[in-house]
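Being a predicted model, the structure only gives us computed values, none of them experimental. Order of the sequence lines fixes the chain letters, A, B, ..., with proteins taken first and strands second; residue numbering starts at 1 for each chain.
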4 protein chains.
Amino acid sequence: MSGINKVILVGHLGKDPEVRHLDGGVTVASFPLATSETYNKDGKRVEQTEWHNIVLWRGLAEVASKYLQKGKLVYIEGKLRTRSFEDREKVKKYVTEVVAENFTILGRKSDFEPPVSTENTTPKSESEYTDVTDPSGDLPF
Amino acid sequence: MSGINKVILVGHLGKDPEVRHLDGGVTVASFPLATSETYNKDGKRVEQTEWHNIVLWRGLAEVASKYLQKGKLVYIEGKLRTRSFEDREKVKKYVTEVVAENFTILGRKSDFEPPVSTENTTPKSESEYTDVTDPSGDLPF
Amino acid sequence: MSGINKVILVGHLGKDPEVRHLDGGVTVASFPLATSETYNKDGKRVEQTEWHNIVLWRGLAEVASKYLQKGKLVYIEGKLRTRSFEDREKVKKYVTEVVAENFTILGRKSDFEPPVSTENTTPKSESEYTDVTDPSGDLPF
Amino acid sequence: MSGINKVILVGHLGKDPEVRHLDGGVTVASFPLATSETYNKDGKRVEQTEWHNIVLWRGLAEVASKYLQKGKLVYIEGKLRTRSFEDREKVKKYVTEVVAENFTILGRKSDFEPPVSTENTTPKSESEYTDVTDPSGDLPF
DNA sequence: TTTT
DNA sequence: TTTT
């Protein structure tokens, strides 16, 4: 039946995305995302961090691997999925992940460029600024 | 830092809420919630159901225990929290839960009444509805 | 820059969708949606209803025109858009609309069928549901 | 009936909040918020900005007036409300606003401090970092 | 009227 | 394992 399963997160990547190419050519990317919350306890600031397993598929995984790196601040929209797997001792375990449906980088302009590994990047015009939301669209990369 | 951790679900309760009273008088309620999604696979309808562990605290737990029962359709807003615990064999395990921050019953008026343990309920007209959103407020019950 | 503009509504249609076909063959549908909230004021139940202008484009408009009717309960996800227009007296006016990006009918199975123009519908069991979320997909109708 | 009316925005303030104190001592703050979206049109980047009227009440208004300024990036959660008013020519008009229910500043640390009007701010320790989400809580200011 |  |  008509259910809704929606997750909205804003947080920082704990690691660079890890990309895998499955048989059949499907790309999957994943990374941990931290969402922190601060509140007052007995007059002291307390920060509580929650870690989320983010998984991205296909085109979204490709874009993520290119534009997201450890430390970046992102808005992520997706859905919850709990799956089971067997660990090395053949014990059945469960893990809950957030399957991303789209994401947007938040932050300064420099955060919107892929990291430069070497030399030479020709200066960017103001208008080349990149948005990576909804990569199913017609992104210029 | 200022993160966002938000979950929005619409689904059916898989069981009646289970209520516990902790030391100190705090009430906790929990129940499984199913959100189903249907899609087409090779021309056939496929339904995929995702189960979520819902946890409610204090006043929200009290209201849930009174107004929610197995099978009811609810809108739930909350946040993700993953916690660890030891199972009977002292193995550390993780479970991800949705800590509800508010909920609203969706459906017909009859769904908004606590179940009647005895006889006699006069028939209700389809069109009358009641709301139980934001139970931290001043609900008339 | 990377902004987020998201609206989530659950409410009842105030009218049947009004469908228009623009030059070029694009379909647009629109309808008013009521979201009601009840709260306590001085010990009395007060219900406050908010009306939203919902607009749907293309395939989503087609599905809406077929499956949504006055009175139905729907979940709608979309974005805000304020546009200006001139009224009959050539006065510039503004209206804010919710441009739907997807929707899901909530309710019983009978609510998931297009209205029957003639007689006879055999009673449906309560437990059967159908989903029309994400109509951009491969709905079987 | 049980409706949901929820808006989620991430965008930049177009102006400093404008604060008013109503009779009875209630504080109201308001400001325009821009959410921008970029997409490809015929191979060119196009940016489309949507402007939202944000309104905040009571404690939330106080916190907003202190911590939000023109240009800052914020996450805002609230609900839609359309109200009517008479303009100077006694013409009835409508405006749709987003009544904020909570907000969170996104951005760098410097964005989390109220602007310094004069001299002297003693250095802040790392832990004095401020979150302004859910100001109904126990904020340290 | 914002930001990238 | 992130960020402020």
(request) Looking only at non-hydrogen atoms, find the nearest pair between I76(C) and A100(C) and report the distance. (result) CG2-CB, 4.0 Å

(request) State which residues pass side-chain hydrogen bond (donor to acceptor under 3.5 Å, both in side chains) with T27(D); sequence neighbours excluded, sorted by chain then number. (result) H21(D), E62(D)

(message) On a heavy-atom basis, which atom in V10(D) and which in T35(D) lie closest, and how many Å separate them?
(response) O-CG2, 3.4 Å

(message) Tell me the interatomic distance from Y75(A), atom OH, to dT3(F), atom C1', rounded to whole angstroms.
(response) 19 Å

(message) Output the rounded distance in Å from CD (E50(D)) to P (dT2(E)).
(response) 16 Å

(request) For W51(A), enumerate each residue passing the side chain to side chain contact (heavy atoms under 4.5 Å, CB included) test, keeping only those at least two apart in sequence or located in another chain. (result) P32(A), A34(A), T49(A)

(message) Distance check needed: dT2(F) P versus H52(A) NE2, whole Å only.
(response) 15 Å

(request) Scan R83(B), H52(B), K79(B) and name whichever one has a side-chain hydrogen bond (donor to acceptor under 3.5 Å, both in side chains) with E97(B). (result) R83(B)

(request) Mind running a 4.0 Å heavy-atom check of residues 78-85 of chain D against DNA chain F and sending the residues that fall below it, in number order? (result) none

(request) Measure the distance from NZ on K15(A) to P on dT1(F) and round it to the nearest whole Å. (result) 8 Å

(message) Check E50(C) with R81(D), please: is the shortest side-chain N to carboxylate O separation under 4.0 Å?
(response) no

(request) Specify the separation, in whole Å, of atom CG of N53(A) and atom C1' of dT2(F). (result) 14 Å

(message) What is the distance, to the nearest angstrom, from the NE2 atom on H12(A) to the P atom on dT1(F)?
(response) 17 Å

(request) Just compare dT3(E), dT1(E), dT2(F) and give me whichever is closest to any side-chain atom of E47(D). (result) dT3(E)

(request) Find the distance L9(D):CG to dT2(E):C1' and express it as a whole number of Å. (result) 13 Å

(request) Check the distance between dT1(F)'s C1' and L13(A)'s CG and give it to me in whole angstrom. (result) 10 Å

